[in-house]
There are 2 protein chains.
Amino acid sequence: MNTLQLTSRERATLIRSRFFARLPQSTVEDVLKSASVSAYEERDVLFRQDENVDDVFLVLSGLVRLCRMGKDGREADVALFPEGEMFAETAMFLKQRATASAVAAERSVIVRLNGGKLQQLAATDHEVAQALIEHLCYRGKMTEDLLAEDRLLTATQRVANFILSHCPKDSTSFRLPFQKNVLAGKLGLAPEALSRAFSTLRQSGVMVRGRLIEIHDRPALERF
Amino acid sequence: MNTLQLTSRERATLIRSRFFARLPQSTVEDVLKSASVSAYEERDVLFRQDENVDDVFLVLSGLVRLCRMGKDGREADVALFPEGEMFAETAMFLKQRATASAVAAERSVIVRLNGGKLQQLAATDHEVAQALIEHLCYRGKMTEDLLAEDRLLTATQRVANFILSHCPKDSTSFRLPFQKNVLAGKLGLAPEALSRAFSTLRQSGVMVRGRLIEIHDRPALERF
DNA sequence: TCACTTGTTTGACCGGTGTCAACAACCCTT
DNA sequence: AAGGGTTGTTGACACCGGTCAAACAAGTGA
């Protein structure tokens, strides 16, 4: 971990992010004044479950996993944040300890926004409050989607879903945006189960070579 | 369904609810001006998945289940709202169709708040925005908890958890706040699985008679 | 390039949970 | 009190998916 300056690409990511996109430049600058940028290696821990977290995080590049651990030591991912996503607001607004650990799932650059500042802005600036509300609605829906998928779909169906939703409608192939490892975690699967799901889907015309996924029969996938 | 006046008990529930408790009387009155109260029987549908929902709902008494249905017709509950809980904000703020259906899980009285009014208040009144933010954080955490439980715990462990968190620390028994049916749904279980979990827990000193649960060995439950 | 580490796949096995069917318990109405 | 519907329980069974172990592939660094 290391304190850095924003590169122009990172700044662009931040400004385009769901949360900041709707805010005026001046507000963005204001938030950034009390923010710090850090780089993390894969597996670096941003914060741990049960710690106090006073800041809000935003992924400038890379990928962050939110995971909870059970008392037996096993752990389960509850969210996965790609570039542009913001997280860890809940602990702050609820004045609670973190309910999960945040771990870099690959080399990442993260900006850490001052929680107090953000909270104060949310309380005085309608735009910020509005952005926060929409952000939280979005996040809530994400989690609810995950929960519903877990409860309604088998492993293979979840993988089929993922493929369909990540392969551009007009294309027949795409690259996985992250390691299979990580994908398994997001889908609530052991890596072995993910692998098996892929091999089941081969019968429906899904070819997997490394991170490259080819779909030869979209309707077959949708039927799953 | 039927339009009603607020009884004084219902009014009290509303004012004590997580969302309204922090707001001044005048704001509450303002919201109520464009609200309507309805009574529902068990299984009555408040709204259906994919419908447009312009209002926000708050449970004055009773219980509401939020459930999604998979394409094969099976359905999974994604949330359960007891007295005092508010829901269906997401559809409004995200301007999306409902991602789940809302069904009364027992005879219930629900107040329906005008969505546009609430949205307008959220945009102009800091207190309302603040209350909404905390509400959404709370809801997000609830869903995340459910997801984590599903992924980390077995059926029996989830039931043990539920019992522990609902039995007052100083007591040795309590009544289930709703039908086992509904509990099974909330825990993501088939009713049969819930039943089996209870009978497993009998070995750890849990006695179940109808809705009455007795705990004779708390530590044993915690060990599960 | 080779060795080494890390990630992925496959097989074998087994425990957990959904499903179906039958039955028991309970509630409500008459 | 009887009867009918609903709700909860139990057993049998299948299957999904977790775990362990081993083989294999890919990436990394010297």
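Sequence lines set the chain letters: A, B, ... in the order given, protein chains first and strands last, and positions in each chain run from 1. Values reported hereafter were calculated over all heavy atoms of this structure, with side chains retained and with hydrogens, waters and symmetry mates removed.
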Roughly, in whole Å, what's the span from CZ in B/F198 to P in D/dT7? 17 Å
Test ring-ring contact (aromatic ring centres under 6.0 Å, His included) on A/F57 and A/F47 and set out the steps. CA-CA 10 Å; A/F57 297 76; A/F47 57 81; 5.3 Å; yes
Expressed as a whole number of angstroms, how long is the span from B/K180:NZ to C/dA24:P? 17 Å
Side chain to side chain, A/T200 and A/F224, heavy atoms closer than 4.5 Å: yes
With respect to the phosphate group of D/dG8, does any side-chain polar atom (N or O) of B/R196 fall under 4.0 Å of OP1 or OP2? no
Euclidean distance, atom CG of residue A/N181 to atom P of D/dG27 [Å, nearest integer]: 14 Å
Selected nucleotide, minimal atom distance to A/A193 side chain, candidates C/dG18, D/dT10, D/dG18: D/dG18
With a 6.0 Å cut-off (strictly less than), is the heavy-atom count around CZ of A/R211, excluding the residue itself, greater than 12? yes
Under 4.0 angstrom, heavy atoms only, what part of the nucleic acid is B/E42 near: base, sugar-phosphate, or nothing? sugar-phosphate
How long is the line joining CZ of B/F178 and C1' of D/dT7, in whole Å? 16 Å
Could you check B/R68 against A/E149 for salt bridge (Lys or Arg N to Asp or Glu O under 4.0 Å), going step by step and ending with a plain yes or no? CA-CA 10 Å; B/R68 297 208 189 182; A/E149 282 206 347; over 6 Å; no
Atom pair distance, as rounded to whole Å: CD in A/Q179 and C1' in D/dG27: 10 Å
Without decimals, in angstroms, what is the distance between A/R158 CZ and D/dG18 P? 8 Å
Whole-Å distance separating the CZ atom of A/R211 from the P atom of C/dT6: 17 Å
Sugar-phosphate, base or nothing in reach of A/E192, heavy atoms under 4.0 Å: base
Using atom CG of B/L176 as one end and atom P of D/dT7 as the other, report the distance to the nearest whole Å. 15 Å
Check this one for me: any side-chain N or O of A/R43 less than 4.0 Å away from OP1 or OP2 of C/dG7? yes
Need to verify one output field. Residue with the more 5' nearest nucleotide on DNA chain D, A/A155 or B/V208? B/V208
Phosphate-side-chain proximity, A/R74 and D/dT19, N/O vs OP1/OP2 below 4.0 Å: yes
Main-chain N/O of A/E85 paired to A/S17 side chain as donor or acceptor, under 3.5 Å: no
